[in-house]
Number of protein chains: 2
Amino acid sequence: MSTQTSNLRPSGHRAADFVVTAIEGRIAAGELADGAPLPPERDLIESYGVSRTVVREAVATLASRGLVETRPRFRPVVRRPGFDAAMAAASGVVGHLLMQSGGVKNLYDTRIFLEAALVRQAALQARKDDIEALRRALEANGEAIPDSDAFYRTDVAFHAVLYEIPRNPVFPAIHRAFTGWLAPQWTRMPRSPERNRMNFQRHSDIYNAIRDRDPDAASDALTAHLNAAWEYVRGTFDEA
Amino acid sequence: MSTQTSNLRPSGHRAADFVVTAIEGRIAAGELADGAPLPPERDLIESYGVSRTVVREAVATLASRGLVETRPRFRPVVRRPGFDAAMAAASGVVGHLLMQSGGVKNLYDTRIFLEAALVRQAALQARKDDIEALRRALEANGEAIPDSDAFYRTDVAFHAVLYEIPRNPVFPAIHRAFTGWLAPQWTRMPRSPERNRMNFQRHSDIYNAIRDRDPDAASDALTAHLNAAWEYVRGTFDEA
DNA sequence: CTTGCTGTTTGGTATGACCAAAAATGTGTA
DNA sequence: TACACATTTTTGGTCATACCAAACAGCAAG
């Protein structure tokens, strides 16, 4: 007859979800600023009138959503989410997808598609400083031809410039996610200065097309570049 | 063979992470098939030699990664992750992003960009049955003009066809994610048969351009369509 | 075969305890 | 005073036990 627990939280829902949304609200409201540590679990117990079990479950949920960052035995740190956090949240699942048949191919095709559209757009409306940034990235890429490790970094940086041209923070986040997901495949590819030189040539083609304001040529060059890279690495997969 | 119960989990790591990866492996190996219920928590305790706290934390992590589906008081159900699961994992963060300044705009611009590229591609290489599917979707959309609710559904369905044309499962997943994220904004938009008729006209333009194999016209029609919709709803935001 | 009841299973939560590492505090020396 | 070192307190990670309520499985009655 007497209610055993006298809590101030709405019953019927899961207590953990209640705590999650409550903390989410405090983050969104700015009460818990970016970089600040989360209150100790034992404080949260008192604040929300729940058990430590619930608090820990809630913190784990927040962590997997990218709203807080947990390291073993450290206070969780609040992270105001950016588009990168969204990608990070998805990456756990994507890792599984990549191991399924055709998963890598589907993702890589998506990248080709998106990037081809990016260079087309870039050819149409890249600003002077965009093209200059692209030129510098290309130059650095060319100088790194003898060093395959440096070439990889400058390669990624070159493509990164393409994602920055629209000035929409979603695109750089997508690029970082792509490179992170596909890096394991890439590193299995044998590298050599000769291949670097070939890829640099492709990069030059893309740059020239954008500089010359030729969207079709830019799109074609990008597609050819990435498709060639795929053909080169496809042998390393056991897929039909 | 004999179930190895020699659970010597590496110390230094978190026990919960250990359990998570172990269950992930069982899912990836197919031992836990899609749709099957997860073993009871009390069984997992014995299997991995950890406390129930750890098991619950692990299950919560798996749930937030989209590998299992939990409903209150039901056995968690294993879900072989698809690209939709990846999007679902990201949606928690995206919800926060949408509330930040410019978040909706950035995401919507991304959608316009992607969809414009899709219709361009569709104009170039859509198959006969693709165009036929698009025509049927357009027809249904036209018939739903008087009913704003039905119009919204057929509107989404029309755009969905565009995402299916590349036959890459990533794109439909992206579409579902977009519509899910942006639906709250859309539903705030006042709807009327007149606006429906206008949107239907835009859809017709897109369809005609694809049917006529005119990539530029298709891309322009799509961009005009979505930009017009944005202009129509922007008044509902308190953004500069 | 269906319907309805009943005991069992199982997830959700609470409580208390212990450990180890981090953070905070105190202390002695230069 | 300033700084390095030792000690106490805090705090996250884990374990064990217990209880409740809803889902589930089995059985009896219709």
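We name chains A, B, ... by the order of the sequence lines, and we start the count at 1 in each one.
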Inset, instruction - Determine, for B:E132 against B:R136, whether the closest basic-nitrogen to carboxylate-oxygen distance falls under 4.0 angstrom. - result: yes
Inset, instruction - Using a heavy-atom cut-off of under 4.0 Å over every strand shown, decide if A:R56 touches base, sugar-phosphate, or nothing. - result: base
Inset, instruction - For B:T53 and for B:P39, find the nucleotide of DNA chain C with the closest heavy atom, then tell me which residue's nucleotide is more 5'. - result: B:P39
Legend entry - From C:dA22, C:dT13, C:dG11, nucleotide with atom closest to A:F74 side chain: C:dA22
Legend entry - Qualifying residues under salt bridge (Lys or Arg N to Asp or Glu O under 4.0 Å), relative to B:D34, sequence neighbours excluded: B:R79
Inset, instruction - Write down the distance between CD (A:E46) and P (D:dT10), rounded to a whole number of angstrom. - result: 14 Å
Inset, instruction - For A:R167 and A:I165, indicate whether the former's side chain and the latter's backbone hold a donor-acceptor pair under 3.5 Å. - result: yes
Legend entry - Between D:dC15 (P) and B:Y48 (OH): distance, integer Å: 15 Å
Legend entry - Aromatic ring proximity B:F151/B:F200, centre distance under 6.0 Å: no
Legend entry - Protein-nucleotide distance (B:I45, atom CD1; D:dA16, atom C1'), rounded to Å: 10 Å
Inset, instruction - Return yes if the base of D:dG12 and the side-chain atoms of A:R42 contain a donor-acceptor N/O pair under 3.5 Å, otherwise no. - result: yes
Legend entry - Separation of D:dA22 C1' from B:R73 CZ (nearest whole Å): 5 Å
Legend entry - Nearest-Å distance for atom pair CZ/P, residues A:R71 and C:dA22: 9 Å
Tabulate below the donor-acceptor pairs under 3.5 Å that side-chain atoms of residues 137-145 of chain B make, not counting sequence neighbours, or state none.
residue : atom : partner : partner atom : Å
B:E139  : OE2  : B:R135  : NH1          : 3.0
B:N141  : OD1  : B:H203  : ND1          : 2.8
B:N141  : ND2  : B:T154  : OG1          : 2.8

Legend entry - Whole angstrom value for the distance that separates P of D:dG13 from CZ of B:F18: 18 Å
Inset, instruction - Would you kindly give the CG-to-P distance between A:L38 and C:dA22, to the nearest whole Å? - result: 19 Å
Inset, instruction - Figure out the CZ/P separation between A:R75 and D:dT9, and round it to whole Å. - result: 18 Å
Inset, instruction - Could you check B:R52 against B:E57 and say which one's nearest nucleotide on DNA chain D is further toward the 5' end? - result: B:E57
Legend entry - A:A16, nearest nucleotide to its side chain (from D:dA23, C:dT13, D:dG12): C:dT13
Inset, instruction - Among C:dA22, D:dA21, D:dG12, find the nucleotide with the atom closest to the side chain of A:E41. - result: D:dG12
